[in-house]
Amino acid sequence: MIRLWHRVGTIRAVFALVILAGLVGGIAIAVLQTQHDPSSPDTVKAADAAAFPVSSSSATPSVTRSPNSLAEADALAKAQAAAEEASSQAKAADDEARKKAEEEASRSKTRSPSPSTTTPTNSAPKYPVPASCDVYSGNKKIGCAVLLGTGFGLDQMPCLANMWDKESGWNPKAANPSGAYGIPQANPGSKMSSAGADWKTNPETQIRWGLGYIKGKYQSPCGAWSYWQSHHYY
């Protein structure tokens, strides 16, 4: 009887150990399945973390340029600035040249011509025209008569009278330290010898020479007087 009880107890103990081992094995298998289950939350999180690592600096994305790209951008900016400066200087130089050309053209229009290029006029002067030579006396009356005999009109006499008033006062012996002499102030006075040997004392000889000089260079007494007013000589 005792032996039978011992056998039954032994069998129960073995059976209990088998059941316990089965339970432990089942729990272990369940844990392993959970760890390797790709659908489990922890597994998904771990996979996400491996696929999309997040760093503290990735929260604020930024573009970092390489040193080469920064140097190229700086060089381009400097080149553009230099081109703009060169263009500005070229435009300023062109404007200055055009301005000088316009000023020179303006001065050329207003500059008085030299005696050799003067184009005198026979137009009537801005003075009262005498009715005849009788309004004059002395050497001026002689001058008026020679003027008409040379082919000029009475309208030229006021210009001749004014000019030779300034030059000599119609004095046939008027002398200038420069060598000019007589009513027309020929320089030298000996030039008047072409009009007559008495050129030193004869007012008519001097006037005739003077009118010939005026006609050849200024075309008329008023042309010579116009030039004289700008230069104080003729």
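What's counted below: heavy atoms across the whole structure, side chains too, no hydrogens, waters or symmetry copies.
Contact of the I207 side chain with the E204 side chain is not registered, since no non-hydrogen atoms from C-beta on lie closer than 4.5 Å. Contact annotation: the side chain of N187 approaches that of S178 to within less than 4.5 Å [non-hydrogen atoms, C-beta and beyond]. Side-chain contact between S226 and Y218: absent, with no pair of heavy atoms (C-beta onward) separated by less than 4.5 Å. Residues I142 and W170 form no side-chain contact, since every pair of their non-hydrogen atoms from C-beta on lies 4.5 Å or further apart.
Taking every heavy atom of both residues into account, I183 and P203 meet most closely at CD1-CB, 3.7 Å. D198 and T205 get closest at one heavy-atom pair: OD1-OG1, 2.8 Å. The minimum heavy-atom distance linking A195 with W209 is given by the pair CB-CB, 3.7 Å. Summarising the geometry of P221 relative to I214, their closest heavy-atom pair is N-CG2, 3.6 Å, with the distance given to 0.1 Å. Among all heavy-atom pairs drawn from N139 and P172, the shortest one is ND2-CD, 3.6 Å. Minimum heavy-atom separation, A175 to Y181: CB-CD1, 4.0 Å.
Q185 contributes atom CD, which lies 11.5 Å from atom CE of M163 (distance to the nearest 0.5 angstrom). To the nearest 0.5 Å, the span separating CG on L211 from CD on Q206 amounts to 12.0 Å. In this structure, W164 CH2 and Y234 OH are separated by 5.5 Å, a value rounded to the nearest 0.5 Å. Interatomic distance, K141 NZ to C133 SG, rounded to the nearest 0.5 Å: 8.5 Å.
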Criterion side-chain contact (heavy atoms from CB on, under 4.5 Å) on L154 and C144, from CA distance to verdict: CA-CA 8 Å; L154 279 173; C144 183; 3.5 Å; yes

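Within the structure, salt bridge (charged side-chain N to carboxylate O under 4.0 Å, His left out) pairs that include any residue of residues 164-175 comprise K140-D165 (at least two apart or interchain).
Below 30°, between 30° and 60°, or above 60°: for W228 and H232 the angle between ring planes is above 60°, a perpendicular geometry.
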